[in-house]
Every structure is written in C-alpha cells, then in structure tokens.
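What follows is a single structure, written as structure tokens, with notes after it.
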Amino acid sequence: MAFGWSLHGDGRTPPPGEVVRPDERLSWTRTVGIGAQHVVAMFGATFVFPIVMGLDPNLAIMMSGIATILFLIIVGGRVPSYLGTSASFVGAVVSIRAAGGSTANVTGAILIAGLVLAAVGLLIHFLGASVIHAVFPPVVTGAVVMLIGFNLAPVVATVYWPQDQWVALLTLGFVVVCSVLLRGFWSRIAILLGLVFGFGLSWILDKTAGKITSVQPGQHLVNGVATPFPHFRVNFDAVKGADWFGFPNLHAPDFKTSAILVALPAVIALIAENTGHVKAVAAMTGDDLDPVLGRAIAADGIGTVLASAVGGSPTTTYAENIGVMAATRIYSTAAYYVAALVAILFGLCPKFGALVAATPGGVLGGITVVLYGMIGLLGAKIWIENRVDFADPVNLVPVAAGIILAIGNVTLQITDKFPLSGIALGTLALLIGYHALNALSRARPAPADTGGGVIAPEEKEIGGPVRPATTD
C-alpha cells in the first residue's frame, strides 16, 4: 500500500537491531523531523544541477517533490526513495547548448529520454532484469557513466573556474575537508556545506576586497564575446525583487533530433543508478525488491517526463537519501511524503529560487570539480564491483575508444545538420564496438587443445566473454 502506516513500537527511535519498515512510521513529530533530514540531504544537488544546466532551480525543487510522490505511488510504497535532480544529463545539456540549442530543446531532449527510460522500466517489469543486463553489461554501463562525468571537465575549466579562481579553490578545499573529516550525515551533505561556505566567503570578499574583474558567460559582450569586467561576486538585486510566493517559470519543450540523440546515453546511466539504489534499499530492509525494479525504473522515467514537460529538470533516485536511511534505520515512506511536500513549498517561493540563482560562479567552480569527478568515478565503481576484466580486449578496446571520443568531444558530421559528438558518439561507439567484438569473439573458432588448463567458473570475469585458455 502506498498510504497507511502502522506505528512502530512506541513511536520513538527504533531499539538497537530494529528498523522502521517502509509501511511503518514513528510519531508524526519525529516523522516530520526525519523528512526534514531528507530535504537537507537532497537539497544541495537538486538545486545545484539545475543551475549548472541553465534550468530553473525553483521549478526543479517543486517538481522533485511531485515526482517523488508519483514514484512512491507507482512502486506501491515498497521502495522508499527521493527523486532529486539527475546529474546524468549535465554533459548532454552542455553539449546541446554548445551547439546552439535552446532551453526548450534541452527539456525536449530530456523528455524523450524519460519516455525511453519509462519504456525500459516496463520492459524489465514484464521480461525480467536479465534482458537489460544482456544489452548493457557492467562494462558498458560503467563506461557510459564515466564518460558522462569526465566529458564535463572543460565546463569547469572554461566556464566556472575563471570567474573566481581563488574562491573556487578554497570552496573545493572546504568540500574535500568536510567529506574526509566529517562523519555520517554531515559528510553526506558536504556539497551543501561547501555552497554555504563559498557563498559566505564571496560576500566577505566583496565587503573587504571589493569587486573582482573576471569573465561572466553571456554578460558584458564585446562583438559577441564575453570579456572581463569589474563586478561583485554576490548580487542580491534579483532576490530583493522576487516575491515570497508564486509559481516557477514554466515552458513547453521543443524537440530537435540532434539534441535528443545527445541526451539518450544518459538513460543507460539512469538504469544502472536506479538498479543500484533499489538493490541497496533491498539489502537494508531485507525485502526482495526485484519484482518492483521495473516499476521503480519506469516511475523515474515518468517523473522525468512530467518534470521536463513543464520545463523542469530530469529526476533520479538519490543515494544521499539512502544514506540518511542507513544512518537512521528509518525506511518509512511517510518521511518521504513529508520531504516531498516541503520541496513543493520551497518551489513555490520565488525569493528562494532567486537566492539559489545568485550563487557566485567561483563557488560553482569549486563544487563542480568534485561533482563531475564523482560522477565519472561512479563508472569505475561499477567496474570494480562487477570485476570487469580489462585484460580482455573485448572490454578494453571499445571502452578506451568510447571514453576518448566523449572526453575529447570528437564530432562525426553525418550530414550538414546532423552531427554526432561527445557523449552521443562515445556511447554509440562503445555499444556497437562491444557487441560487435563480442559476437566476433564468440564466432571465432577455438584454438586446438594443446594440453593447457581451462578457466574454472569462479575465475570468469563479469563484463565480457571468456574465451578458451591458450598456452604460451
């Protein structure tokens, strides 16, 4: 059931060894408190990524709450999870905008990707998870996640970092220190703490050192090119003029084929991400959630479609909130409904959105170094956890080619109006290369048996075909 929770024990903190299950809750006062923790946990990334993608953070926050409620209903309350803004589309959005795409093109491409993700979820629900693992084995999903993250490195170097390199460096250092020295919940919100630190530091520098002379993209154009000019790091003019209550700016999506193709690779990352999160929740709760895996993925896709249809950001399940559950042993979906309602209220406050949009570029420079790097390294994490064997050229060669094509933002001009570049080209090369080499490898005749040993089943590596052993 999506609604209706039984009270766990006396409604207080669960005793050692016990957990509050998804269909249970603590007292409503404590449930609201846990919901507030979930809001804080998802908050940093959910409004940072819309800013990075050039989308409305107010709308992103509001739609994340609506998408979370929809997700909980679709999975029947069995998978406690929050749907915040997805980072998987950041690289695609940067590429779309670099090619002259509009915000409507961005949300249109994300909407189509959401539809594909929902269709994949339905496929998994009816056919089982094995069909997805056959098309997107760990070696492929890990590589796609990696190339999505590392493709963003030039954005840090050319857009955010030059706006205020010293604030960027100090913010980066603060985030790193918080991540290492803090423990538990506080460590998981290191990005949010870094944003607060960087914002405060920028304000103090404005008061003590005065204006900074630097480039701000799209501002102070000379012959169409942004040039350095003196400005304060923090500007609250838009905050002062914003209303306390009002609806975010909505817009309809627009569909452009080249933009859609750039956004589609993110679907692979979302499949891997959602699957990992559902399995993590299953391990913590002790429930078998495989029967609802397809529904969870489809719900994420539907949430993305709903959000992007009105101009909002893509959604995904959040590891940050799974971390809150691990720390508290409280898996009650009631807390997620509370968090979702709070997010919707935040989204209806334009003054809050203006404050978020006032985040200095230098602060984003320090934050994005960590965020983009973490996205890329999640791909390596997938490889390690699945013991992918890169001694096998079927794994090594297509991955190497795909990642370089994506990171180097190489362009293949199919026609005058239809280029394939960056993430899209890298993913396509990776998929075609892996499955083509896999098929050729299996079709190749095995070498004659010269007395060499065979590979025992436990020695086989996941992520690529295992060929007969040869002797030197």
Which residues share a ring-ring contact (aromatic ring centres under 6.0 Å, His included) with W161, sequence neighbours left out: none
Flag, side chain of N105 to backbone of K256, donor-acceptor distance under 3.5 Å: no
Nearest-0.5 Å distance that lies between atom OH in Y434 and atom CG in N438: 4.5 Å
Heavy-atom check, side chain of V267 versus side chain of L270, under 4.5 Å: no
Salt bridge (charged side-chain N to carboxylate O under 4.0 Å, His left out) involving D254 - partner list, sequence neighbours excluded: none
Parallel, tilted or perpendicular: rings of F390 and W383 (30°, 60°): perpendicular
Reported CD1-to-CG distance for the pair I110 and L117, which is rounded to 0.5 angstrom: 12.5 Å
Distance-only donor-acceptor check, side chains H251 and T107, under 3.5 Å: yes
Student check: side-chain heavy atoms of T317 and F71 closer than 4.5 Å: yes
Donor-acceptor pair, side chain of T333 and main chain of Y336, under 3.5 angstrom: no
I403/M146 under side-chain contact (heavy atoms from CB on, under 4.5 Å): CA gap, chis, key distance, verdict: CA-CA 8 Å; I403 288 177; M146 178 171 285; 3.6 Å; yes
Main-chain N/O of G311 paired with D56 side-chain donor or acceptor, under 3.5 Å: no
Closest contact, heavy atoms only, A296 versus V278: CB-CG2, 3.8 Å
Under 3.5 Å: donor-acceptor pair, side chain of S313, backbone of A60: no
Within-4.5 Å side-chain heavy-atom neighbours: I384 and K381: no
Pair L182-L193, side-chain contact (heavy atoms from CB on, under 4.5 Å): steps then yes or no: CA-CA 11 Å; L182 299 182; L193 296 176; 3.7 Å; yes
Backbone N/O of V388 and side chain of N386: donor-acceptor pair under 3.5 Å: no
Atom CZ of F255: over 12 foreign heavy atoms under 6.0 Å: yes
Sole residue of L83, N274, T304 in side-chain contact (heavy atoms from CB on, under 4.5 Å) with T316: N274
Side-chain H-bond candidate by donor/acceptor type, S86 with T315, under 3.5 Å: no
Expected output: side-chain R295 to main-chain I74 donor-acceptor under 3.5 Å: yes
Minimum heavy-atom distance A340-I69, with the two atoms named: CB-CG1, 3.6 Å
Minimum heavy-atom distance between P50 and P57, given as atom pair plus value: CB-CA, 4.0 Å
Student check: side-chain heavy atoms of R25 and S332 closer than 4.5 Å: yes
Rounded distance (nearest 0.5 Å) linking atom CE of M63 with atom OG1 of T85: 11.0 Å
Which atom of V394 lies closest to which atom of S441, heavy atoms considered: CG2-CB, 4.1 Å
Side-chain heavy atoms of P398 within contact of L437, under 4.5 Å: yes
Distance (rounded to the nearest 0.5 Å) between I260 CD1 and I96 CD1: 9.0 Å
Between S64 and Y82, a side-chain donor and acceptor under 3.5 Å: yes
Side chain to side chain, P360 and V363, heavy atoms closer than 4.5 Å: yes
Flag side-chain contact, heavy atom, 4.5 Å: T31 against W5: no
Closest non-hydrogen atom pair, A343 against I61: O-CG2, 3.1 Å
Close side-chain approach of P248 to M62, heavy-atom, < 4.5 Å: yes
From S308 atom OG to L111 atom CG, the distance as rounded to the nearest 0.5 Å: 3.5 Å
Least distance between heavy atoms, L147 atom then A406 atom: CB-CB, 3.6 Å
Verdict with supporting geometry, R97 and T103, side-chain hydrogen bond (donor to acceptor under 3.5 Å, both in side chains): CA-CA 8 Å; R97 292 193 184 279; T103 298; 3.1 Å; yes
CD1 on I66 to CD1 on I344, rounded to 0.5 Å: 5.0 Å
